[in-house]
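Remarks on the structure that follows.
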Amino acid sequence: MSTSPTLVRRNSPLHLTLLAVGALVVVAAIFWGYGLQDFNRGQVTRVMIYAVAIAGLNIASGYSGLISVGHSAFFGLGAYTTGVLVVRYGWSAEWTIPVAFVVCFVAGLIVGLPALRIRGLYLAMVTLAFGVAFPELIGRFDSFTGGAEGLTIRNRMLRPPDWTGFKLGEKDKWLYWVAVVVLLFTMLAVHNLVRSRYGLALVAARDNEIAAAASGVNLAVAKTVAFGVSGALTGIGGSLFAMYLGTLVAGDSFTLLSAISLLTGLVIGGQATRFGPILGAVAVVYIPYYTSDIGQGQAAAVLFGAVLIAIIFVAPEGLTGGFFRLFHKYVVLVPSVAGRTPALRQLKPDPTPEPAAVEELAATRKSN
Amino acid sequence: MTAVEPREDDEAVLDESALVEAPAPEDLPHDDIRSSGSALLEVRGLRAGYGGATVLHGIDVSVAPSEVVVVLGANGAGKTTLLRAIAGLIPHSAGEILVTGDVVKRARPEEMLRRGIGLVPQGRGTLTDLTVRDNLRVGAVTRKDRSGVSADVDRWCEVFPALAKRRDQVAGTLSGGEQQMLAIARAMMARPRLLLCDEVSLGLAPVVVQGLFRVLRELNAESDTALLLVEQNAELALAIASRVYLLEAGTVAASGATEAFRGNDAIRRAYLGY
Amino acid sequence: MEIFLDRLFSGLTSGSIYVLIALALVVVFRSSGTINFAQGEYALFTCFVAWWLTTKGCPLVLAMLVSMVVGFALGVVTERTLIRPIRKRNEAAVLIVALGLFTALNGADGWIWGPEDKVFPHLLPNGLNDYVLIGGARLHYDSIGIFVATGLVIALLALLLNRTPLGLKMRAVATNPESAALSGVKVGNVLSVSWGVSSAIGSFAGVLLVPVLPPNQLNLSGFFPILIFSSAAALLGGLDSIVGAVVGGLVFGVAESMLNGYATFLGGSLQLTVAFAIIVVVLVVKPTGLFGRRRVERV
């Protein structure tokens, strides 16, 4: 090893400065995106929407190890919730987002219930079946959903609220900001969930079920709730998608191939990372766009499949993981002394150690 | 001096207080057959383990043709790891395994079987969904002589009458003792020159265990099969063995003829309990 | 009565196809402990190969045999290069690789041969008048053909597993790979062959299937539902049981047909939802299925 990495202490001035710079860059990027031409801004909006959806999938498949091949159904459920409420009941679009969250959370709980008892492989089958059955269910309730012809949300139903200052035709600009807010909310939610007791237990369980069972967290409940939250977040992505697209046809947008796209995006971006979903969304949106002329439109599928396999072999932690691996050769974040180890300082030594035993222990340690 | 109870060690960690009663290593016998010409199996300086953890820290063991050798040691000393490494189930990171003087480059189960070394694994490894007959036939997959194989199936059913009765029964329904007999028979179907036996007495009633050791002794006497037994039940094993190795924390702490071991008061007390 | 028999025959016909794909899934599951989600796409790919051969003038039967050989080869290569290296890692990785194969193969089909529907020649006579009257209901010749073909595959598979040395090794590896290895079985080769056999069965099923199930033409997404139905059937019967695959497939096919015919309140187009419900119920109530033995839950 040539040079050891630079150590940066958490919460030190250097660390905080770097974080501030990073935040400024993000803010600048957001405004830059807003300033783009309509089509490109729309693409960025789409990336944000998929980032939300993939972040939701990340909670189940990345952090909890519950591979889901059917999250397109949650995406679609959120989209149709918004669509139906706006078109049939005249709601204003923004208020449908929390409803979509709740509806998809409940659906996620129900689908996740089998996770209580079965292995990941079987849960994947359940999610696969759910994802493939979803368009069928939409077709069944076609009085609500418009069935196979689809549901169209007219632009006038999506007019931006007056307080924003946007006019009727400026739905896309308004949607851009909504997407920014939802994405920030999603990332915050994921961040907090992952660092909570439940999040830590879920990650531990993903890797070693038996050890995690000792953590005191009811794993079965945690997994089911995690699946619910996962569905809910993907669902609000779907809600935004409905506003973005305006026309919902289940057989086109919410199929098995879309579910696999979401998973592919997650794996490419990096499972169980906070920024992976964003990178993954970029891939999911731009790869099909740039390859749409090749191979009669099928090139994207071949590419996705090949990349998926390649990543598992070469870089299972995805782009984000690979980036951080490289990054950690140069900079490593070290816990701050002050706040992080109070527990250690409270440990008192054994009050009455046997002098002989202590010396023996010391002797053996030296000889090792 | 209070008698030392055999202790349950957590890992291969040497508990010094247990050795307070046992003699210093220099006082223990260390006889070995070192000439590679006469040894059927010779293991030199073997290091092996699982993942990052090394369990065996340089083991020297040898078995002569038709010999019965026992490896004793407490839990976690590395006995099972040793057998698995010899059988080729796990790779060794250092050291050599020699069969009749030839170094085995890559120890894999098929290769070791070809050289005449078979393993009766701990827990029996019964093929639970297959019949007794099929279990035995699996043991002979490396053999080419069809008629010889069916003759051997019959022969082993003669040796173990309990198996004869259950030839077409699904092996998973057999009792523990019957499955152990099946495991031995299955390994013998490949006609090995050396049989590695990993704790055949585990979980079985004393009467059954005595019967098993009787069979093992006959195996050795009549078909000249050498035996390398790993046992915690030292008494019965010592009754049929000519040499003993004592494994402790991944190294050979002592070795020698059975009588020497029995004659050594400290070892007897520490490992045989009387 | 005729309607019932009609439905029965129809259900047994599609059930036979589910049996075949379920058998393919079960063979892989027994040996590798995992489900090959790309199984349907292997079958589809080899179907396209067969179709392409027939457009070049090759007789269908020969094309079918070639597609089975291609399927076998695909299975062997997949197991060796893609599955074996990562099996030890974790099963999520295997799943994702299978999904990658699924996507890539499906895309490759469209790329190589174009996304339009293809007309597939019929192996068995299926004109409007090719049937036999039983109890007033029509039993079409192609249905009989499918029954016979399925029966043949079941018999051959049973023969392979129970009466050949290879089958003995496959059963040993399926039960306890380590013990099999200790007895000298080359476990890796057996696994590869298992995957090959599984794919070959799938290819056979694919060629039989296309003319029978709607839309009677070769298209890119036609096999998705079949995979789901067959998975549900295999799960119902027990993923590690050959008998279970047969029973599960037939039961599923007949049940689906009956539901379609009689329970019209369901709208007749909820097959996938029903399959989903069956999967969930089996996994919650009896995860090992009707005939399975392996325990399904994690420790």
Side-chain angles (χ1 to χ4, degrees), chain B residues 50-51 83-84 86-90 107-131 133-144 146 149 153 168 170-173 179 182-192 195-198, chain C residues 26-27 29-33 84-85 87-90 157-194 237-245 288-296 299:
Chain B
Y50 305 97
L83 288 193
R84 287 168 70 91
I86 296 176
L89 279 178
I90 57 176
R108 313 279 318 274
E110 311 97 74
E111 177 62 26
M112 297 312 282
L113 210 58
R114 201 178 60 80
R115 292 172 185 260
I117 300 191
L119 172 67
V120 180
Q122 189 176 66
R124 286 136 226 163
T126 310
L127 299 162
T128 45
D129 293 338
L130 275 58
T131 60
R133 187 201 303 271
D134 279 344
N135 266 266
L136 293 174
R137 287 170 60 212
V138 170
V141 289
T142 48
R143 286 168 58 177
K144 313 260 192 264
R146 282 251 212 107
V149 169
V153 169
D168 292 310
V170 167
T173 58
Q179 288 194 23
L182 180 59
I184 295 176
R186 192 174 74 241
M188 289 304 298
M189 285 294 293
R191 296 205 177 155
L195 197 63
L196 309 168
C197 297
D198 197 345
Chain C
V26 165
V27 168
F29 183 79
R30 277 164 57 106
S31 59
S32 297
R84 206 185 303 176
R87 261 187 72 210
K88 307 177 196 118
R89 257 198 252 168
N90 61 7
L157 189 62
L159 208 72
L160 172 71
L161 286 178
N162 292 319
R163 295 238 188 275
T164 64
L166 172 62
L168 183 64
K169 293 178 193 171
M170 284 170 73
R171 281 186 294 137
V173 168
T175 308
N176 190 329
E178 192 177 90
S179 288
L182 281 176
S183 293
V185 173
K186 297 211 177 69
V187 174
N189 289 354
V190 170
L191 286 178
S192 296
V193 168
S194 297
L239 272 175
D240 58 342
S241 162
I242 304 278
V243 170
T288 48
L290 292 171
F291 296 94
R293 258 181 296 226
R294 210 78 59 79
R295 257 188 293 131
V296 155
V299 173

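Chain letters run A, B, ... following the sequence lines, proteins first and then strands; every chain starts at 1. No experiment lies behind these values; they were computed from the predicted model shown.
A pairwise comparison of heavy atoms in C/Thr175 and B/Asp129 identifies CG2-N, 3.5 Å as the closest pair. Annotation for C/Ser183 and B/Gly139: closest pair OG-CA, 3.8 Å, computed over non-hydrogen atoms.
Contacts between B/Arg114 and chain C at a heavy-atom distance below 4.5 Å are absent for every atom of the residue. The part of B/Leu89 that comes within reach of chain C is its side chain, from C-beta onward, which places non-hydrogen atoms under 4.5 angstrom from that chain.
B/Arg191 meets the side chain to side chain contact (heavy atoms under 4.5 Å, CB included) test with B/Arg143, B/Asp152; sequence neighbours excluded. With sequence neighbours excluded, the residues satisfying side chain to side chain donor-acceptor pair (under 3.5 Å) with C/Ser179 are C/Asn176. Taking the side chain to side chain contact (heavy atoms under 4.5 Å, CB included) definition, one finds that C/Ser241 meets it with C/Val243, C/Phe291, sequence neighbours left out.
A heavy-atom distance below 4.5 Å is found between the side chains of C/Glu178 and B/Arg84.
Below 4.5 Å, heavy atoms of chain B meet heavy atoms from C/Leu168, C/Lys169, C/Arg171, all part of residues 163-171 of chain C.
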